[in-house]
S.K.: 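Questions regarding the structure given below will be posed in turn.
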Amino acid sequence: TSQPLPPKEKTLFNRILKCYEQKQYKNGLKFAKQILSNPKFAEHGETLAMKGLTLNCTGKKEEAYELVKRGLKNDLKSHVCWHVYGLLQRSDKKYDEAIKCYRNALRWDKENLHILRDLSMLQVHMRDIEGYRETRHALLQLKPGQRAPWIGYAIANHLLKDYTVAFKVLEEFGKTQQNDYYLFDEEMVYEHSELLLYQNYILQEAGLFQQAIEHLETNKEKIVDKLSWLEYKGDLCVKLERLEEAEKIFTSLVNRNPENHSYYQKLESVIKPSNEVERLQIYDAVSAIFPKADSPKSLPLTFLTGPMFQERVDKIMREQLKRGVPPLFVSLKPLYKEQEKVKCIGEIAEQFIRSLEANSKFSPDDEEIEPPTTLLWARFFYAQHLDKIKEYEKALQLINESLEHTPTLIELHVLKAKVLKHLGDTAGAVASMDEAQSLDTADRFINCKCAAYMIRNDMISDAEETAAKFTRENVSIDEYLKEMQCMWYEVACASAHSRANRYGEALKKCHEVDKHFTEIIEDQFDFHQYCMRKMTLRSYVKMLKLEDSLRSHRFYFQAAKAAIKVYIHLHDEPYQPGDRIQDEKESSMSNAELKKLRNKQRRQERKKAAAEERKKNEQHDKSGKKNHTDTILINPSFCNFCQISNPLEQAQKFLAPLELYCSGKFETHYLAFQIAERRGTLLVMLRALLRAQKVAKESDMPNLHVCRVRFAKK
Ligand SMILES: *[C@@H]1O[C@H](CO)[C@@H](O)[C@H](O)[C@H]1NC(C)=O
Ligand SMILES: *[C@@H]1O[C@H](CO)[C@@H](O)[C@H](O)[C@H]1NC(C)=O
Ligand SMILES: *[C@@H]1O[C@H](CO)[C@@H](O)[C@H](O)[C@H]1NC(C)=O
Ligand SMILES: *[C@@H]1O[C@H](CO)[C@@H](O)[C@H](O)[C@H]1NC(C)=O
Ligand SMILES: *[C@@H]1O[C@H](CO)[C@@H](O)[C@H](O)[C@H]1NC(C)=O
């Protein structure tokens, strides 16, 4: 510092620090006042900064910033001032600015562990990985006796793909540890095991398979996560062409969990069966040991053909219908890509139903008599089949018949709703879903489905009412769902609003979804320290990678698409608040007059809305039927979303992540084209057109063609 304090004031200053740590803000401010009231120290930088920091915690952020900046100006060589400024910026989520402050602080106090640690977290958070490695290196130099600096430096090297350094750092760290220190504590045993697996993961990423497999062998006893150990070893054996060993490992993995599909794939890739029969043997062997497992029975259906397929699928269908397993259709669904199999499944189901209706048997020459529920599930399955092959009317009829027998089977109502949705009868779909919902009001899944169907039918207030059955008391549904980051709901609302031209509301929802993604990215901040402490390093590194492409998620895609469409519309037809003539009149008014007028307008609007609501309700009562079309109102509280001068720039903001993460989708480039067209940027149009052409599917051709024509014309 350029302003050292004499001993008495120095003591006071240390008390301020202590008070801040112990959250005794009032006392802290008192001590600060004692220093600052002495004219000699009225402009003492560090004291001003600390006073600011303390004030911030009492909720006076603006005043705090002013004081901290003033303090800093008075003492630019003080690491305390810079650190305090950095702390403020960090808690304000201005991470770039905070990093600058911390760097400045370090110029005056190179070895401050606290600042170095804080800085490193910010750097990895902002993905300044080079900077992170430097800071981590500095920390390691200062504290080679602790665990965290080693781990941090290894992670930094790993993220920079300096695998050998990363591995060696961990190896060196192992040497500094006393032998078997960890055996005395269960938690430490687990942490050490994770550390070894992380080290192994680094070797695998480096492509050093031989070294990795040796490392696994050497540390077999110390790695307590046996599943990961086996999976790693199996994969490594495949890479090293040690197929016999790999077969043994994947066989034991299948025996640990016969429902994990990836193990079968791997087993097949090692055994390399040369024909259908040999391939089937792999699965039958497992089935013999685990007769109740579904996967070894249903997976072969994907490759079997002809009579063998028929025999197997027949058997599975009987078994599952008998057990009354509603998700039979779900397990057969992957087969619906192949026409022949679809036909075969349909015929079998039809035969079952005919025979069950006639004599309660799957086929006439069967011995066993089936209970009536088997017929019910057979019909249910067949209706799902009909829906899938787009025979909606037939499906509906079958569901109707079944409902006559068992009007309380929820699954039937849900299926009916789905079929009606496919037929375009969104209102009928809601009625069916509502019925399902009323049969089990405690089922959260049905409740969500019901709300989703209502939104699709533009019944947003009903959807809110329905969804509110599962939300917390005394919290508005919008607030609650926002807090829960319930994005399917927000995306659905955005689409409904934009269909009804309520652009402000639609944009609000889209921005909410976008904000959730920002929040999720910000939430990782807490994990940088946590994961390192808990040693969940493999998960940590995977999380960092996931966060880097977070906006590839379909919820972001859907929200961005909706937002871009609205912005394009707002560009083509800019939003006009109210009447033009009125606008001119307004511009000559004083603020107070304007406020009065606005209030009057709002009152009138509310009155009008209430009157319309009443009229609507009367209509309901008359027809006795629900008909909810929300009144189209330009809601003043959403105007700010529409009254913007640069809709295309806003659209571009939503587009950027799509171009980065969803470049395989036609719609991404179709939207890019439309924006570029309006901006008049020909080369960007051409680029979008070429990219769209590359990924266009049959159904995209009409839109692609229109783009070509519009480009040629331009
Ligand atoms: C500043 O105040 C806010 C709100 O009281 C608080 O959340 C934040 O942690 C404070 N910042 C610092 C660095 O103490
Ligand atoms: C199956 O195993 C793979 C590892 O080979 C794992 O990533 C996956 O999560 C497992 N799936 C299930 C459903 O357990
Ligand atoms: C199904 O039943 C509803 C009412 O019970 C009826 O309106 C509809 O026409 C029926 N659909 C078929 C395909 O039978
Ligand atoms: C909700 O509000 C009502 C009335 O204001 C109150 O009686 C009730 O206790 C509140 N419930 C909860 C969970 O806070
Ligand atoms: C609901 O209202 C709209 C417009 O007022 C009308 O076109 C539609 O037929 C009504 N639907 C029902 C089911 O009454």
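This structure is a prediction, so every number in the text was calculated from the model and none was measured.
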S.K.: With a 4.5 Å cut-off on side-chain heavy atoms, are Q89 and D96 touching?
M.R.: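 No, their side chains stay 4.5 Å or more apart.
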S.K.: Less than 4.5 Å apart, side chain to side chain, heavy atoms only: is that true for F525 and R90?
M.R.: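 In contact.
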S.K.: Between the side chains of T135 and R103, is a donor N or O closer than 3.5 angstrom to an acceptor N or O?
M.R.: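 Checked: T135/R103 side chains show no N/O donor-acceptor pair below 3.5 Å.
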S.K.: A quick test of your reading: do over 12 heavy atoms of other residues, nucleotides or ligands sit less than 6.0 Å from NZ of K161?
M.R.: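 Counting neighbours around NZ of K161, 12 or fewer heavy atoms of other residues, nucleotides or ligands fall under 6.0 Å, so no.
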S.K.: For the atom pair CD1 (I675) and CZ (F654), what is the distance rounded to the nearest 0.5 Å?
M.R.: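 One gets 11.0 Å once the value is rounded to the nearest 0.5 Å.
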S.K.: Just to verify, what does V706 make a side-chain contact (heavy atoms from CB on, under 4.5 Å) with, not counting sequence neighbours?
M.R.: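 Here the qualifying residues are R710.
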S.K.: If you compare all heavy atoms of K337 against all heavy atoms of P334, which two are closest, and at what distance to 0.1 Å?
M.R.: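 Closest pair (atom of K337, atom of P334, distance): CE-O, 3.5 Å.
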S.K.: For the pair H669 (side chain) and S663 (backbone), establish whether a donor and an acceptor sit closer than 3.5 Å, ignoring hydrogens and angles.
M.R.: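 Present.
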S.K.: So with a 6.0 Å cut-off around CZ of F527, is the heavy-atom count from everything else above 12?
M.R.: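 Check fails, neighbour count at 12 or below.
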S.K.: Can you tell me if OH on Y530 sees more than 12 non-hydrogen neighbours from other groups inside 6.0 Å?
M.R.: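 Not more than 12 within 6.0 Å, no.
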S.K.: Has the side chain of D700 got a donor or acceptor atom that lies under 3.5 Å from a matching backbone atom of K697?
M.R.: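 Indeed, once roles are kept as given, a pair shorter than 3.5 Å links the two residues.
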S.K.: What pairs with E205 under side-chain contact (heavy atoms from CB on, under 4.5 Å), at least two apart in sequence or on another chain?
M.R.: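 Counting only residues at least two positions away or on another chain, E205 forms a side-chain contact (heavy atoms from CB on, under 4.5 Å) with H158, Y163, Y201, K545.
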S.K.: Do T518 and E522 have side chains that get closer than 4.5 Å, going by heavy atoms?
M.R.: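 Sidechains of E522 and T518: in contact.
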S.K.: Kindly compute the distance separating CG (D387) from CG (L415), expressed to the nearest 0.5 Å.
M.R.: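 With rounding to 0.5 Å, CG (D387) is 6.0 Å from CG (L415).
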S.K.: Can you find a side-chain donor-acceptor pair between S262 and N260 that sits under 3.5 Å?
M.R.: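 Yes - a donor-acceptor pair under 3.5 Å links their side chains.
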S.K.: Would you say NZ of K469 has more than 12 non-hydrogen atoms from neighbouring residues, nucleotides or ligands within 6.0 angstrom?
M.R.: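 Counting neighbours around NZ of K469, more than 12 heavy atoms of other residues, nucleotides or ligands fall under 6.0 Å, so yes.
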S.K.: Atom OH in Y556, atom CG in L658: separation rounded to 0.5 Å?
M.R.: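 Y556 atom OH to L658 atom CG measures 5.5 Å (nearest 0.5 Å).
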S.K.: Under the side-chain contact (heavy atoms from CB on, under 4.5 Å) criterion, do F557 and T668 qualify, and how do the steps go?
M.R.: CA-CA 9 Å; F557 183 83; T668 298; 3.5 Å; yes
S.K.: Specify the closest pair of heavy atoms between Q524 and I521, including all atoms of both residues, with the distance to one decimal.
M.R.: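 Answer, listing the atom of Q524 first, then I521: CG-O, 2.8 Å.
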S.K.: For L386 and Y392, run side-chain contact (heavy atoms from CB on, under 4.5 Å): C-alpha distance rounded to whole Å, both residues' side-chain angles, the deciding distance at 0.1 Å, then the answer.
M.R.: CA-CA 6 Å; L386 289 171; Y392 303 125; over 6 Å; no
S.K.: Calculate, to the nearest 0.5 Å, the distance between atoms CD1 and CZ belonging to I410 and F445 respectively.
M.R.: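 Separation between the atoms: 11.5 Å.
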S.K.: Taking all heavy atoms of A468 and all of I477, pick out the closest pair and write down the distance.
M.R.: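 Looking at all heavy atoms of both residues, the closest pair is N-CD1, 3.7 Å.
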S.K.: Does CD in E340 sit with more than 12 non-hydrogen atoms of other residues, nucleotides or ligands closer than 6.0 Å?
M.R.: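 12 or below, so no.
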S.K.: Under the rule for side-chain contact (heavy atoms from CB on, under 4.5 Å), what residues qualify as partners of C450, not counting sequence neighbours?
M.R.: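 M433, D434, Q437, M454, T466.
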S.K.: Could I get the full list of salt bridge (Lys or Arg N to Asp or Glu O under 4.0 Å) partners for E268, not counting sequence neighbours?
M.R.: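 Listed in chain order: R279.
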S.K.: Is any side-chain N of the basic residue among R472 and E483 closer than 4.0 Å to the acidic one's carboxylate O?
M.R.: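 Salt bridge present between R472 and E483.
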S.K.: Please check if any side-chain donor atom of E231 sits under 3.5 Å from a side-chain acceptor atom of Y263, or the reverse.
M.R.: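 On atom types as modelled, these side chains qualify, holding a pair under 3.5 Å.
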S.K.: Applying side-chain contact (heavy atoms from CB on, under 4.5 Å), name anything that partners S552, two or more places apart in sequence or on another chain.
M.R.: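 Testing S552 for side-chain contact (heavy atoms from CB on, under 4.5 Å), a comparison that skips the adjacent residues, returns S549, Y661.
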S.K.: Whether E505 and K508 form a salt bridge (side-chain N of Lys/Arg under 4.0 Å from carboxylate O of Asp/Glu) is what I want to check.
M.R.: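 Judged by the 4.0 Å cut-off on N to carboxylate O distance, K508 and E505 do not form a salt bridge.
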S.K.: Please output the side-chain donor-acceptor pairs of residues 484-495 that fall under 3.5 Å, not counting sequence neighbours, one pair per line with the distance.
M.R.:
| from | atom 1 | to | atom 2 | distance (Å) |
| --- | --- | --- | --- | --- |
| Q485 | NE2 | E519 | OE1 | 3.1 |
| E490 | OE1 | H516 | NE2 | 2.9 |
| E490 | OE2 | H516 | NE2 | 3.3 |
| S495 | OG | V491 | O | 3.2 |

S.K.: Does the side chain of R133 come within less than 4.5 Å of D162's, by heavy atoms?
M.R.: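 Yes; the side chains approach each other to less than 4.5 Å.
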S.K.: Would you say L398 and K394 make side-chain contact, with heavy atoms under 4.5 Å?
M.R.: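 Heavy-atom side-chain distance check fails, nothing below 4.5 Å.
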S.K.: Between F555 and H553, how do the two ring planes meet: parallel, tilted or perpendicular, split at 30° and 60°?
M.R.: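 Tilted.
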S.K.: Is K714 reaching over with its side chain to a backbone N or O of E677, donor-acceptor style, under 3.5 angstrom?
M.R.: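 Answer holds: yes.
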S.K.: Search all heavy atoms of A463 against all heavy atoms of I455 and return the closest pair with its distance.
M.R.: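 So the two residues come closest at CB-CG1, 3.5 Å.
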S.K.: Quick check: Y95 with H125 (ring centres under 6.0 Å apart)?
M.R.: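 Yes, ring centres under 6.0 Å apart.
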S.K.: Check for me whether the distance between the ring centres of H497 and Y503 falls short of 6.0 Å.
M.R.: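 That pair fails the under 6.0 Å test.
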S.K.: Start with the C-alpha distance between I155 and Y540, add both sets of side-chain angles, then the distance that settles side-chain contact (heavy atoms from CB on, under 4.5 Å), and finish with yes or no.
M.R.: CA-CA 10 Å; I155 291 179; Y540 175 59; 4.0 Å; yes
S.K.: Check the pair D443 / N447 against side-chain contact (heavy atoms from CB on, under 4.5 Å), numbers first and verdict last.
M.R.: CA-CA 6 Å; D443 188 324; N447 180 275; over 6 Å; no
S.K.: Looking only at atom types and distance, does a side-chain atom of T302 sit under 3.5 Å from a main-chain N or O of L299, one as donor and one as acceptor?
M.R.: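 Yes: the side chain of T302 pairs with the backbone of L299.
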S.K.: Could you tell me whether the side chain of R502 and the main chain of S498 form a donor-acceptor pair under 3.5 Å?
M.R.: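 No; judged by distance alone, with no hydrogens or angles, the pair does not exist.
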S.K.: Check whether any side-chain heavy atom of I644 lies under 4.5 Å from a side-chain heavy atom of Y567, and answer yes or no.
M.R.: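 Yes, at least one pair of side-chain atoms sits under 4.5 Å.
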S.K.: Are F381 and L332 packed together at the side-chain level, in the sense that at least one heavy-atom pair is separated by less than 4.5 angstrom?
M.R.: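 A side-chain contact under 4.5 Å exists here.
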S.K.: Rounded to the nearest 0.5 Å, what separates atom CZ in R679 from atom NE2 in H571?
M.R.: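 Here the rounded value is 10.0 Å.
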S.K.: What are the two closest heavy atoms between S120 and Y132, and how far apart are they?
M.R.: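 Scanning both residues, the minimum pair turns out to be O-CD1, 3.2 Å.
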S.K.: So that I know where these two stand, are H385 and Y382 an aromatic pair - ring centroids less than 6.0 Å apart?
M.R.: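 Here the rings of Y382 and H385 have centres that are less than 6.0 Å from each other.
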S.K.: Please confirm whether the backbone N or O of L544 pairs with a side-chain atom of R127, one donor and one acceptor, at under 3.5 Å?
M.R.: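 Between the backbone of L544 and the side chain of R127 there is a qualifying donor-acceptor contact (under 3.5 Å).
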S.K.: Can a salt bridge be assigned to the pair R678 and D572 using a cut-off of 4.0 Å between side-chain N and carboxylate O?
M.R.: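 D572 and R678: salt-bridged.
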S.K.: Please check: side-chain N/O of K418 versus main-chain N/O of A429, any donor-acceptor pairing under 3.5 Å?
M.R.: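 Side chain of K418 to backbone of A429, a donor-acceptor pair under 3.5 Å: no, none is there.
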S.K.: Atom CD in E97, atom CG in D92: separation rounded to 0.5 Å?
M.R.: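 Between atom CD of E97 and atom CG of D92 there are 11.0 Å.
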S.K.: Is I399 close to F380 at the side-chain level, that is, under 4.5 Å between some pair of heavy atoms?
M.R.: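 SC-SC contact between F380 and I399 ruled out.
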S.K.: Is there a donor-acceptor contact under 3.5 Å from the side chain of T681 to the main chain of V684?
M.R.: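 Judged by distance alone, no pair lies under 3.5 Å.
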S.K.: Taking all non-hydrogen atoms of both residues, which atom of L537 and which atom of M532 are closest, and how far apart?
M.R.: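 Shortest heavy-atom contact: CD2-CA, 4.2 Å.
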